[in-house]
Amino acid sequence: MIVCVAVVGHQNNPLYIQSFTEADDALKLHHIVHCSLDVVDERVNNPKKSGPMLNETFLGMLYPIENYKVYGYLTNTKVKFILVTTDLDVKDADVRNFFRRFHSAYVDAVSNPFHVPGKKITSRTFAERVSTIVKSFGFSSAA
């Protein structure tokens with residue numbers, strides 16, 4: 001189950017963060033997302049040590065913490081997508097599919113002529129689309 005998704009700008013400024021839990025874990029999830037930025041920077045700046053190629057946008061699992069697994073994705077414009085999930089046996093194909101759909105929703109949101117680049121994403125349509133993507137996570141690879 002996905003508990004949090006985030007979009008972080010190229011200067012590590014949060015553009016969008018949404019938690020999908022009933023409990024008051026929002027602050028904890030914000031902290032997890034913030035800590036994952038160090039891992040993303042390490043993988044981008046030291047590609048030989050981290051495994052995936054530099055031209056690969058999917059960064060894979062960044063790190064496990066407590067009952068969560070944190071995954072990362074880096075766009076060509078250095079915008080980072082972070083996914084926090086409670087599932088311990090997530091397939092990479094499902095996560096890649098999630099990030100592909102999430103990236104598509106992000107591109108549509110920032111292509112809005114009224115969106116100011118580098119500012120928080122406040123689009124209600126984007127939030128609804130993200131919720132739909134999160135709800136369908138893991139059910140089907142074809143979307």
Can you tell me if [X] uses its side chain to pair, donor with acceptor, with the backbone of [Y] under 3.5 Å?
X: Arg43; Y: Leu59; answer: yes
X: Asn112; Y: Phe114; answer: yes
X: Asn45; Y: Asp41; answer: yes
X: Ser104; Y: Arg100; answer: no
X: Asn67; Y: Thr86; answer: no

* **Atom NE2 of His34 with >12 non-hydrogen neighbours under 6.0 angstrom** => no

With a 4.5 Å limit on heavy-atom distance, are the side chains of [X] and [Y] in contact?
X: Lys120; Y: His115; value: no
X: Val8; Y: Leu15; value: no
X: Ile2; Y: Val84; value: no
X: Phe20; Y: Cys4; value: no
X: Val44; Y: Leu74; value: yes

* Asked: Step by step, would you call Lys135 with Ile133 a side-chain contact (heavy atoms from CB on, under 4.5 Å)?
  -> CA-CA 6 Å; Lys135 288 176 187 171; Ile133 294 168; over 6 Å; no

* Taking Phe102 as the fixed residue, which of Tyr106, Phe98, Phe99 is the one that meets the ring pair (Phe, Tyr, Trp, His ring centres under 6.0 Å) rule? -> Phe98

* Start with the C-alpha distance between Val39 and Leu37, add both sets of side-chain angles, then the distance that settles side-chain contact (heavy atoms from CB on, under 4.5 Å), and finish with yes or no. => CA-CA 5 Å; Val39 179; Leu37 297 178; over 6 Å; no

[atom1]/[X] to [atom2]/[Y] distance, rounded to the nearest 0.5 angstrom?
X: Arg129; Y: Thr125; atom1: CZ; atom2: OG1; result: 9.5 Å
X: Tyr63; Y: Glu42; atom1: OH; atom2: CD; result: 12.5 Å
X: Thr85; Y: Tyr71; atom1: OG1; atom2: OH; result: 7.0 Å
X: Arg101; Y: Ser136; atom1: CZ; atom2: OG; result: 3.5 Å
X: Leu29; Y: His31; atom1: CG; atom2: NE2; result: 11.0 Å
X: Ser36; Y: Ile82; atom1: OG; atom2: CD1; result: 3.5 Å

* Asked: Just checking, is any N or O donor in the side chain of Lys80 or Asn12 under 3.5 Å from an acceptor N or O on the other one?
  -> yes

* Between Ser19 and Thr21, a side-chain donor and acceptor under 3.5 Å -> no

* **Candidate pair Val70 and Ile32, rule side-chain contact (heavy atoms from CB on, under 4.5 Å), full reasoning** => CA-CA 8 Å; Val70 182; Ile32 290 171; 3.5 Å; yes

* Structure fact -> Scanning both residues in full, the closest heavy-atom pair of Asn13 with Gly118 reads ND2-O, 3.2 Å

* Angle class for the His103/Tyr73 ring planes (parallel below 30°, perpendicular above 60°, tilted otherwise)? -> perpendicular

* Asked: Which class fits the ring pair Tyr16 and Phe126: parallel under 30°, tilted 30 to 60°, perpendicular over 60°?
  -> perpendicular

* Asked: For Lys69, which residues count as a salt bridge (Lys or Arg N to Asp or Glu O under 4.0 Å) partner, sequence neighbours excluded?
  -> none

* **side-chain contact (heavy atoms from CB on, under 4.5 Å) evaluation trace for Phe137 with Val90** => CA-CA 10 Å; Phe137 176 72; Val90 178; 3.7 Å; yes

